[in-house]
Amino acid sequence: MILFFQLNLTHSHDSVVTAKGHPPTNKKPTKKRIQIRRGKRASSESKSSSDEMPQDFLSTQPPELIGRVLNHLDALDLSTVSLASKYLFQLATQDFLWKQLCEIHWSDKQHQSLSLHPLVDYTRLVAQLNRSELLEILHRRFLATDDSMSEQELAIRVINTTPTGFRDVTVYTPLVCGKWQASYIAAEMDQDREWITMKELQAYDWVFREQWAYDDEDDEDEAIKVKFRADGVT
């Protein structure tokens with residue numbers, strides 16, 4: 001039976017060879033084929049080395065240099081850059097960039113110094129706040145503070161006093177951004193508000209200007225300063 005198998009295999013081989021028109025041969029792979037195989041191996045090695053290269057040019061640059069470039073962008077462009085990659089997100093959300101934008105954008109505010117916005121839920125960011133920032137947030141929420149309170153107690157109070165339930169008041173809840181970017185966004189959301197809270201009404205001195213028109217006199221503006229109190233007396 002072994003002999004029959006060998007004969008059958010030889011016969012099959014002969015038929016294939018006859019169809020091709022040349023006698024069978026047991027030659028080794030030619031040099032050309034070997035070169036092709038080596039070329040494939042070389043191309044695969046170059047492909048693997050290219051995969052190890054950085055995906056973008058910016059990732060190889062020092063963060064200080066990129067920070068100086070980002071320093072010239074406005075809020076919209078800076079937010080767009082932060083979506084490009086994880087590396088750029090870390091650089092474009094730095095507090096010093098957004099604090100500078102807040103300072104520029106709020107430069108016309110006459111009765112409010114540069115400070116973090118009170119209409120932010122600081123639950124995720126409270127670990128980034130120092131004592132003076134905690135006190136300023138509570139002050140802007142019109143809440144009394146005690147100098148004897150520890151920083152941990154101030155942090156808990158900032159979280160527990162997040163403004164809620166006020167008409168037309170929207171509180172911004174940050175998920176991934178920093179404290180100054182959150183303040184910038186909260187201010188942008190709050191700028192179109194048409195209603196104020198009772199605390200806000202009582203906290204400031206209001207100036208009313210009335211215009212009196214006479215036929216024989218020029219129009220004059222008369223300023224009246226009013227302070228609203230909790231008991232309803234002005």
For L154 against R131, the heavy-atom pair lying closest together: CD1-NH1, 3.7 Å

If you look at every heavy atom in T162 and I159, which pair is closest and at what distance? OG1-O, 3.0 Å

I need the E153 CD to S148 OG distance, nearest 0.5 Å. 7.5 Å

Measure the shortest side-chain to side-chain distance between Q100 and L97 over non-hydrogen atoms and say whether it is less than 4.5 angstrom. no

Positive for side-chain hydrogen bond (donor to acceptor under 3.5 Å, both in side chains) with S115, one of R140, E133, H139: R140

Honestly curious: do L135 and L114 fall in one hydrophobic cluster under the side-chain, below-4.5 Å linking rule? yes

To the nearest 0.5 Å, what is the distance between OG1 on T161 and CZ on F142? 12.5 Å

Do the side chains of V158 and R141 get nearer than 4.5 Å, heavy atoms only? yes

Any donor-acceptor pair under 3.5 Å from S183 side chain to L116 backbone: no

I'd like to know if Y172 and W98 are part of one continuous hydrophobic network [Ile/Leu/Val/Met/Phe/Trp/Tyr, side-chain heavy atoms within less than 4.5 Å]. no

Under 4.5 Å between side-chain heavy atoms, hopping through other hydrophobics if needed: is there a path connecting V171 to I185? no

Between Q61 and Y87, what is the shortest heavy-atom contact and its length? O-OH, 3.2 Å

Under 4.5 Å between side-chain heavy atoms, hopping through other hydrophobics if needed: is there a path connecting L119 to M189? no

I137 versus P118, closest heavy-atom pair with distance: O-CB, 4.5 Å

What's the shortest heavy-atom distance between A182 and V120, and which atoms? O-CG2, 3.8 Å

Rounded to the nearest 0.5 Å, what separation is found between the CG atom of L88 and the OG1 atom of T80? 12.0 Å

Using the ring of each side chain (for Trp, its six-membered ring), is W180 parallel, tilted or perpendicular to W106, with breaks at 30° and 60°? tilted

State yes or no: do I196 and V169 share one hydrophobic cluster built from I, L, V, M, F, W and Y residues joined by side-chain heavy-atom distances below 4.5 Å, directly or via other members? no

CG (D147) with more than 12 external heavy atoms under 6.0 Å: no

For the CG atom of L101 and the OG atom of S79, what is their distance to the nearest 0.5 Å? 8.5 Å

Does D190 reach the main-chain N or O of A186 with its side chain, forming a donor-acceptor pair under 3.5 Å? no

What are the two closest non-hydrogen atoms of P174 and D121, and how far apart are they? CD-O, 3.3 Å

With a 3.5 Å distance limit and no angle check, can you tell me whether Q128 reaches the backbone of L125 through a side-chain donor-acceptor pair? no

On the 0 to 90° scale, with breaks at 30° and 60°, tag the W206-F228 ring pair as parallel, tilted or perpendicular. perpendicular

